[in-house]
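Everything on this sheet refers to the single structure shown next.
We count ligands from 1, going down the list as the structure has it; atoms in each ligand are counted the same way.
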Amino acid sequence: SADVTTFDPGYVNTAIARSEITYIDGDNGILRYRGYPIEELAEKSSFVEVSYLLIYGELPTAEQLEAFDQRIRRHTLLHEDLRRFFSAFPYDAHPMPVLSSAVSALSTFYQDALDPFDEEQVELSSVRLLAKLPTIAAYANRKSQGLPTVFPDNSHGLVENFLRLNFGFPSEPYEIDETARKALDLLFILHADHEQNCSTSTVRLVGSSQANLFASVSAGIHALAGPLHGGANSAVLEMLQGIKDSGEGVQKFVERVKNKESGVRLMGFGHRVYKNYDPRATIIKKTADEVLGKMGKNDELLDIAHELEQIALSDDYFVSRKLYPNVDFYTGLIYQALGFPTKMFTVLFAIGRLPGWIAQWREMINDPETKIGRPRQIYTGAPERAYIPVEER
Ligand code: SDX
């Protein structure tokens, strides 16, 4: 296309929007949500409060936070027909396509609130998503294990309820493990937004056609599932387990990565933007040591992860390519210690990222500069040519 001026595969050098939500400085390892450093929010805030901050732009007063929390609690139940939806999938279905299908299906159950330009309907859809995604995720997890689903108990907050839905049983009381609750709340905060990453840009692009919030988030879930993006946290666990099972040792594995043996990558390392340490990885690494220690999971895989990190950070192959641990490198070890199966790890990433997707979609839909996303290309195909009848081919 003659009038294309720049070729920017993966849009790395293209700003697709002006945004007030999240600031990243990749060279200095800085991440801020609405101006607040991630380190402060990780230490002092909660996932529900950070969700409010990302969506509405300000930290809530105590009353605003309480009202927001109560609104979410009132919407945790799924429509009974949607509950039956889960038995339609094969029992061993991966939870990510189940999640995106169920989120897409929400637009069929809640047709009363799909207008992207009606503030009240957008508010209702946002709260429904925040409340129901954990329930959908837990039901997908329980179904894949042939376990009964437990109804949400709205006397619990979002994270406690999610833990109960995954690990509680209708036949006995469930004790919330405070270490688990705090660790999961922190991980959700750290995943809550990350400016124009692949899945968030997908949510914006789909929403730019004025598709509703459920459809846009469903598309974002699909993008997140890829192993180069949110799927990396599961791939890290598989990588660590593979090193352990092979008995080949960390150094040997690192050599295979450096020799670029087909498909072997150091999963959980490298980033499109952070060319220095991912600030989230620093916090998560500390949490992994604490949680695994506290939960008595003296984890051999954690030792392998530490050794892998040490070797990579002192090896010029990785240092020269500015490859450092990213958000996914240590998260899987914590999720595993909390009792989640590996294929649920990216689902947990999606629950954390949901408030960011919602905030970015709402900013996009209200942005007067938003146009329907329609990138151009550089055509490298055949020049004009005449049709050849099949008998002459
Ligand atoms: C997330 O964008 C976001 O913000 C995403 C995220 C978020 O919060 O939304 O932060 C979440 O997706 C984190 C990334 C999770 N993915 C992984 O951990 C998968 C492993 N990482 C890579 O595939 C890779 O690092 C990417 C995809 C993350 C980034 O790719 P880049 O910046 O395009 O780097 P590149 O592919 O151009 O690589 C540059 C060089 C190449 O070597 P050379 O061709 O120069 O010899 O570095 C090498 C690559 O081969 N390289 C790696 C590597 N990542 C890059 N080599 C080994 N292991 C790796 N992980």
Side-chain angles (χ1 to χ4, degrees), residues 8-16 19 21-27 29-33 38 42 50 54 96 187-204 220-240 242-243 250 253-284 305 308-309 311-313 315-333 345-346 348-357 359-360:
D8 180 19
Y11 317 113
V12 192
N13 294 312
T14 301
I16 63 163
S19 177
I21 300 172
T22 292
Y23 172 73
I24 298 176
D25 174 338
D27 292 334
I30 294 173
L31 171 58
R32 298 186 201 122
Y33 296 159
I38 192 66
V50 163
L54 286 168
M96 281 300 274
L187 288 172
F188 285 161
I189 289 174
L190 294 171
H191 284 80
D193 193 52
H194 214 237
E195 55 130 282
Q196 301 314 315
N197 58 86
C198 179
S199 54
T200 301
S201 304
T202 301
V203 171
R204 277 181 170 259
I221 293 171
H222 280 297
L224 186 72
L228 292 188
H229 189 13
N233 54 19
S234 310
V236 168
L237 242 293
E238 284 144 19
M239 172 184 74
L240 297 174
I243 295 170
V250 175
F253 174 78
V254 168
E255 289 315 310
R256 292 206 290 119
V257 172
K258 290 163 67 175
N259 299 333
K260 295 193 174 183
E261 281 178 32
S262 63
V264 178
R265 277 204 157 192
L266 202 38
M267 298 312 277
F269 262 69
H271 200 275
R272 267 278 190 238
V273 177
Y274 289 124
K275 296 306 173 190
N276 199 319
Y277 220 79
D278 180 333
R280 301 167 296 178
T282 312
I283 301 169
I284 295 170
L308 204 45
E309 181 186 6
I311 292 175
L313 295 185
D315 185 312
D316 187 53
Y317 178 92
F318 299 98
V319 177
S320 63
R321 289 171 175 78
K322 300 183 181 298
L323 300 177
Y324 297 90
N326 59 46
V327 67
D328 294 305
F329 190 60
Y330 283 102
T331 30
L333 289 165
F345 294 177
T346 310
L348 297 168
F349 192 145
I351 294 173
R353 184 53 49 89
L354 180 61
W357 287 333
Q360 298 265 355

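- The OG1 atom of Thr200 sits 7.0 Å away from the CH2 atom of Trp357 when rounded to the nearest 0.5 Å.
- Around atom 10 (O) of ligand 1, the closest heavy atom drawn from Arg272, Met239, Lys258, His271 belongs to His271.
- The nearest pair of heavy atoms linking Leu348 to Phe188 is O-CE2, 3.5 Å.
- The protein heavy-atom contact nearest to atom 4 (O) of ligand 1 is His194 ND1, 2.6 Å.
- At the top of the distance list for atom 14 (C) of ligand 1, counting protein heavy atoms only, stands Asn326 ND2, 3.5 Å.
- The parts of His229 lying near ligand 1 are both backbone and side chain, judged by heavy-atom distances below 4.0 Å.
- Between the side chain of Lys275 and the backbone N or O of His271, at least one donor-acceptor pair lies under 3.5 Å.
- Side-chain contact check for Asn197 and Arg272: no donor-acceptor pair (N or O, by modelled atom type) lies under 3.5 Å.
- The protein atom (non-hydrogen) at minimum distance from atom 48 (C) of ligand 1 is Arg321 CD, 3.9 Å.
- Within 6.0 Å of atom OH in Tyr317, more than 12 heavy atoms from other residues, nucleotides or ligands are found, so the atom counts as buried in its surroundings.
- A donor-acceptor contact under 3.5 angstrom links the side chains of Thr14 and Asp8, judged on distance only.
- Within a 4.0 Å radius of atom 34 (O) of ligand 1, the protein contributes no non-hydrogen atoms.
- Less than 4.0 angstrom separates atom 39 (C) of ligand 1 from none of the non-hydrogen atoms of the protein.
- Annotation: atom 46 (O) of ligand 1 to nearest protein heavy atom, Lys260 NZ, 2.4 Å.
- Close approach of ligand 1 to Asp328 is summarised as follows: ligand atoms under 4.0 Å from at least one heavy atom of the residue are 1 (C), 13 (C), 14 (C), 15 (C).
- One finds a salt bridge joining Asp315 and Lys258 here, because a Lys/Arg side-chain nitrogen approaches an Asp/Glu carboxylate oxygen to under 4.0 Å.
- Here Arg280 has side-chain heavy atoms under 4.0 Å from ligand 1, and that is the only part of it that gets that close.
- Close contacts between ligand 1 and Asn197 involve ligand atoms 2 (O), 3 (C), 4 (O), 5 (C), 9 (O) [criterion: under 4.0 Å to a heavy atom].
- Annotation for Thr22 and Leu31: closest pair CG2-CD1, 3.5 Å, computed over non-hydrogen atoms.
- Of all the heavy atoms of Leu323, the ones lying under 4.0 Å from any atom of ligand 1 belong exclusively to the side chain.
- Closest to atom 17 (C) of ligand 1 among all protein heavy atoms lies Ala232 CB, 3.5 Å.
- Contact annotation for Leu228 and ligand 1: heavy atoms of both the backbone and the side chain come within less than 4.0 Å of the ligand.
- Per-residue contacts place Gly268 under 4.0 angstrom from the following atoms of ligand 1 (heavy atoms of the residue considered): 17 (C), 18 (O).
- The proximity of Leu266 to ligand 1, defined as any non-hydrogen pair under 4.0 Å, involves the side chain as well as the backbone.
- Distances from atom 50 (O) of ligand 1 to the heavy atoms of Arg265, Arg353, Met267 show the closest one on Arg265.
- Residues that satisfy the ring pair (Phe, Tyr, Trp, His ring centres under 6.0 Å) test with His222, not counting sequence neighbours, are absent from this structure.
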### Query
What's the verdict on side-chain contact (heavy atoms from CB on, under 4.5 Å) for Leu190 and Ile38, showing C-alpha distance, side-chain angles and the deciding distance?
CA-CA 7 Å; Leu190 294 171; Ile38 192 66; 3.6 Å; yes
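- Gln196 and Gln360 form a side-chain donor-acceptor contact under 3.5 Å, judged by distance and modelled atom types alone.
- Aromatic pair Phe329/Phe269: centroids less than 6.0 angstrom apart.
- For ligand 1, one of its N or O atoms has an N or O atom of Phe269 under 3.5 Å away.
- Under 4.0 angstrom from ligand 1, the non-hydrogen atoms of Lys275 all belong to its side chain.
- The six-membered or imidazole ring of His194 lies near that of Tyr274, with a centre-to-centre distance under 6.0 Å.
- Annotation: atom 28 (C) of ligand 1 to nearest protein heavy atom, Gly270 O, 3.8 Å.
- Atoms of ligand 1 found under 4.0 Å from any heavy atom of Val257 (numbered from 1 in listed order, with element): 57 (C).
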